[in-house]
2 protein chains.
Amino acid sequence: MKTKKLASVPTIKRLPLYLQIVENAHKEGKEFISGTIIAEELELEPIQVRKDLAITGIVGRPRIGFPVAQLITCIHEFLLWDKEHSAIVVGAGSLGSALMGYDELKKRGMRIQAAFDSDPAKIGRTINGVPVFAMNDIAQEASRLGSELAILTVPPDVAQTVAEQLTSAGIYAIWNFTNTKLKLDEDIVVQREDLSSGYAMLSVRMKLRLNQT
Amino acid sequence: MKTKKLASVPTIKRLPLYLQIVENAHKEGKEFISGTIIAEELELEPIQVRKDLAITGIVGRPRIGFPVAQLITCIHEFLLWDKEHSAIVVGAGSLGSALMGYDELKKRGMRIQAAFDSDPAKIGRTINGVPVFAMNDIAQEASRLGSELAILTVPPDVAQTVAEQLTSAGIYAIWNFTNTKLKLDEDIVVQREDLSSGYAMLSVRMKLRLNQT
DNA sequence: TAGATTGTTAATCGATTAACAATC
DNA sequence: TAGATTGTTAATCGATTAACAATC
């Protein structure tokens, strides 16, 4: 088995930015795009773009740049966005509903099969085309659907309990939108999505901006 | 004017995590909390927690830890979360609506004064207590309200145009939830909130997990 | 050809981690 | 006192950036 050098976290997080630009170039009918152009668009250094793209296995042509169609494929494959990921949304509040209607995710291979909520008014209905089940049926339904991933948008006080139910039902990855640090088996992938850290950055930069004068 | 050493981006992003734990400790009536405890809770290194907290100006007591109440104040002040930030939501779709109802932000000083949308069905109504105005009235209303910050949740194709209107109306900071790279004056604070980078991390980690076997 | 761009190897920079004296 | 914890100074680690030969 080949031991590939792992990509760094910052690199992985930049790949979707590159992908978007390359897809735009593709729509415009361009066959090649240079790292220099991508870098300008995102206000990054060209060398950083080249280094990042290299991780996907793409090979560019000096003087010409990278083949657009192939680059899209390489990024997709690297991120596993060429395969479907089955997912359920747990907590069909406003954030959960927003995610169910988020086309970007669907385009990137995420298939949201079902949602779960404890509000009787929501159970049995569909939101953005996704059927809503009772929270109590999670274990049963998630097993039946064979879902890989759970998008967790429940209130923080039930997050830990619900997460444990999910793992029992065979879910091995959780996209955690609650601000609860989940304590689960090590082999469960938990990705925390933290709005407050973005808000912290924003606030500090606003403070700096105000102090400039 | 004292030239403070700037905090690093990773440090700033971790501060809200610390804040949450310290606030919990406060609710439980604890007067002191050690960096070691905080680190355990978040699965970080104690030295990292101490270094991060130091940036806020807090002074701890050897053997005892950090004074809880004072630490909360220090983090709040550092993030400017002790002051109110006036904000408007531009694009009252599902994500915009979710943010209007997000208590966390309100607790951190964000005051959402108004929302804007081009859908006539929404204009004139209120969502989560926030009045919705017509998109055409942005310039006028934002100036009148004196808003500092705009939360941008419009479709990507109008993002740039709307952003320019916002800056003309005196807005100097934009929390950009669209996947459009905005091209604005350098003195405008643009904080991009990128769901796709989180999804990229999640996908790669799921891939690794699957390859483990 | 001339010159822009790739990809590799080396240098730099900055964040994390380690070591340890000071402290209560 | 003994021992846990802070805060400072130094060491390490890894990401970014620079330099440059190879290429078309």
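Chain letters run A, B, ... following the sequence lines, proteins first and then strands; every chain starts at 1. Model, not experiment: these values are computed from the prediction.
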**Message:** Any residue in residues 71-80 of chain B with a heavy atom nearer than 4.0 angstrom to DNA chain D? Just list them by number, or reply none.
**Reply:** none

**Prompt:** For DNA chain C, which consecutive runs of 3 or more Watson-Crick or G-U pairs (each distance under 3.5 Å) count as stems?
**Reply:** C:3-24 with D:3-24

**Complete:** For Glu77(B), the side-chain hydrogen bond (donor to acceptor under 3.5 Å, both in side chains) test, sequence neighbours excluded, returns none

**Message:** Counting neighbours of NE2 on His26(A) that are heavy atoms of other residues, nucleotides or ligands and sit closer than 6.0 Å, is the number greater than 12?
**Reply:** no

**Request:** Please examine the side chains of Phe66(B) and Thr56(B), heavy atoms only from C-beta on, and report whether any two atoms are closer than 4.5 Å.
**Result:** no

**Request:** Please name the residue in the list Val162(B), Leu184(B), Val90(B), Ile151(B) that meets the side chain to side chain contact (heavy atoms under 4.5 Å, CB included) test with Ile174(B).
**Result:** Leu184(B)

**Message:** Can you list everything that forms a side-chain hydrogen bond (donor to acceptor under 3.5 Å, both in side chains) with Arg108(B)? Sequence neighbours excluded, please.
**Reply:** Glu23(B)

**Request:** Classify the ring geometry between Tyr199(A) and Trp81(B) as parallel (under 30°), tilted (30 to 60°) or perpendicular (over 60°).
**Result:** parallel

**Request:** Residues of residues 27-44 of chain A with any non-hydrogen atom less than 4.0 angstrom from an atom of DNA chain D: list those, numerically ordered, please.
**Result:** none

**Prompt:** Tell me, do Leu6(A) and Val204(B) make a side-chain contact under 4.5 Å, heavy atoms counted?
**Reply:** no

**Request:** Would you indicate whether the side-chain heavy atoms of Lys106(B) and Arg111(B) approach each other to under 4.5 Å?
**Result:** yes

**Asked** Whole Å only: how far is the CG atom of Leu53(B) from the C1' atom of dT6(D)?
**Response** 11 Å

**Sub-4.5 Å side-chain heavy-atom contact between Ile21(B) and Ile33(B)** = yes

**Message:** Please evaluate residues Leu195(A) and Phe177(B) with respect to the criterion side chain to side chain contact (heavy atoms under 4.5 Å, CB included), reporting the C-alpha separation (whole Å), side-chain torsions for both, the decisive distance (0.1 Å), and the verdict.
**Reply:** CA-CA 11 Å; Leu195(A) 222 56; Phe177(B) 284 81; 3.9 Å; yes

**Prompt:** When the distance from CD1 of Ile55(B) to P of dT8(D) is rounded to whole Å, what number comes out?
**Reply:** 12 Å

**Item:** Candidate pair Leu149(A) and Met110(A), rule side chain to side chain contact (heavy atoms under 4.5 Å, CB included), full reasoning
**Value:** CA-CA 9 Å; Leu149(A) 167 70; Met110(A) 185 181 286; 3.5 Å; yes

**Asked** Are Leu53(B) and Ile38(B) close enough that some pair of their side-chain heavy atoms sits under 4.5 Å apart?
**Response** yes

**Prompt:** Tell me, for nucleotides 15-24 of chain D in 5' to 3' order, what letter each nucleotide earns: B for a base near a protein heavy atom under 4.0 Å, S for only sugar-phosphate near one, - for neither?
**Reply:** SSBB----BB

**Prompt:** So with a 6.0 Å cut-off around NZ of Lys13(B), is the heavy-atom count from everything else above 12?
**Reply:** no

